[in-house]
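A short write-up of the structure that comes next.
Note that the structure is a prediction, hence the values are computed from the model and not measured. Order of appearance sets the numbers: ligands from 1, and atoms from 1 within every ligand.
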Amino acid sequence: MPETRPLLMIPGPVEISPAVLAAVSTPPPSHTSRELIDAFAESLAAMRRVWQAGPESHPFVVAGGGTAAMEMAAANLVEPGDGVLVADTGYFGARMAEILRRLGARVRQVAAPVGEVPPVEAIAQGLAALEQEGPAKALFATHVDTSTGVRLDPEPLARLAREHGLLSVVDGVCATGGERFEMAAWEADVYLTGSQKALGLPPGLALLVASPRALETRARRSAPPPSLYLDWHAWRPILAAYEEHRPSYFSTPPTQLILALRTALREILADGIETRIARHRQAARALREAWEVLGLVPVPVRPEIAAFTLSALRLPPGVDGSLVGRILERGVAVAGGLHPELRGTSFRVGHMGYAVTRPEMLLRTVRAVGEALADAGRPVDPRAAEAAAAAILDEAPQPKVAG
Ligand SMILES: *Cc1c(COP(=O)(O)O)cnc(C)c1O
């Protein structure tokens with residue numbers, strides 16, 4: 001059969017492994033079946049390991065997009081009038097701020113120019129100003145902003161929040177499973193994601209792990225969160241039952257996706273979370289070399305703040321947004337610009353999840369981008385770009401390298 005489906009190299013959804021595909025392609029098990037309960041129990045335990053979270057932390061998994069995970073974190077922790085700070089690195093920081101405003105929070109944003117991250121000192125100043133205005137509750141940040149390809153370092157932000165007696169909430173939708181995050185060691189309070197990004201599942205699951213402090217904050221609320229579906233207290237007894245291998249019901253989980261979640265987390269843990277992250281780092285490095293050979297300039301202004309999970313690239317002179325269509329004609333789907341300031345002047349390539357274990361997918365992507373650029377009149381050498389990436393992908397991944 002000819003291959004008509006393009007290779008999916010957008011920043012989510014992404015290619016999934018054959019085993020994950022097989023798991024979602026089963027007749028739906030009942031939500032009270034042994035099969036489903038066992039998969040749920042194993043998945044919750046595996047989440048703590050992938051998140052590097054402590055035994056007292058609580059994983060939550062519900063049907064929904066990454067945005068539902070953002071809403072779940074905010075709805076449980078924030079009450080009207082609470083002061084919150086958003087470290088805003090792009091499109092999804094702005095979304096988080098909007099969610100918080102709708103909950104009645106007093107929101108202060110500390111932004112950075114496109115392609116930059118706000119310095120920790122600026123965030124510390126923002127917190128001081130927030131505390132001047134009234135009581136503050138939490139610091140929100142986006143680990144990898146999918147609109148700019150920028151990664152901020154959550155570790156100093158979690159520490160800063162702790163020093164101020166605030167909770168830290170990190171949107172890891174384009175990062176969890178592909179970027180370093182040590183929830184327990186860093187004492188972060190919520191790390192959230194969606195299934196279709198670096199975890200390597202189809203879309204449809206909102207996932208997060210909450211720290212004991214975050215759970216206490218929910219327990220001490222003066223009123224329950226406005227959303228029943230997203231209320232941690234609605235889900236805790238259900239998930240606790242699943243962890244004890246007992247059936248339970250609050251709202252029907254997407255049962256095939258739970259089977260797939262177990263499979264995807266097994267694959268990550270079989271590799272080891274450190275090695276999995278090292279593979280993302282290596283893929284990013286290989287592609288960065290290739291982009292350089294092709295004369296493409298990344299949106300992130302410094303390599304240290306460029307995500308491992310995607311590349312946001314500026315369109316070269318004389319090339320417009322039709323490049324994305326030309327790349328698709330070569331069998332690879334990439335994405336256009338998402339950030340309002342980058343629409344029509346940039347494009348994005350996802351390299352997360354299963355694809356980072358498949359060098360041929362990465363090299364096929366480089367070739368398609370290179371040929372499309374040549375097609376658009378750029379004087380580029382796609383084969384040289386592919387060779388540059390291949391040389392790096394031939395190395396063994398190095399889990400112990402920092403960064
Ligand atoms: C994709 C993404 C989201 C939104 O996820 P949806 O599943 O589309 O709702 C939120 N934050 C970040 C950082 C993302 O990359």
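Ring planes of Trp232 and Phe60: parallel class, angle under 30° (limits at 30 and 60°). In this pair, Phe181 and Trp186 present their aromatic rings perpendicular. The plane angle is above 60°, beyond the 30 to 60° band.
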> Is there a side-chain contact (heavy atoms from CB on, under 4.5 Å) between Val349 and Trp291 once you walk through the steps?
Replying inline: CA-CA 11 Å; Val349 179; Trp291 306 144; 4.1 Å; yes

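Remark: Thr217 engages Leu77, Lys137, Leu167, Arg220 in a side-chain contact (heavy atoms from CB on, under 4.5 Å) (not counting sequence neighbours). For the side chain to side chain donor-acceptor pair (under 3.5 Å) test, residues two or more places apart in sequence or in another chain that qualify with Arg106 are Glu133.
Within the structure, every pair that satisfies the side chain to side chain donor-acceptor pair (under 3.5 Å) test and touches residues 50-70, not counting sequence neighbours, is listed here: Thr67-Arg95.
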Between ligand 1 and the protein, find all N/O pairs closer than 3.5 Å and give the distance for each.
residue  : atom   : partner : partner atom : Å
ligand 1 : 7 (O)  : Gly66   : N            : 2.7
ligand 1 : 7 (O)  : Gln196  : NE2          : 2.7
ligand 1 : 9 (O)  : Gly66   : N            : 3.3
ligand 1 : 9 (O)  : Thr67   : N            : 2.9
ligand 1 : 9 (O)  : Thr67   : OG1          : 2.6
ligand 1 : 11 (N) : Asp171  : OD1          : 3.4
ligand 1 : 11 (N) : Asp171  : OD2          : 2.7
ligand 1 : 15 (O) : Thr146  : OG1          : 2.2
ligand 1 : 15 (O) : Lys197  : NZ           : 2.6

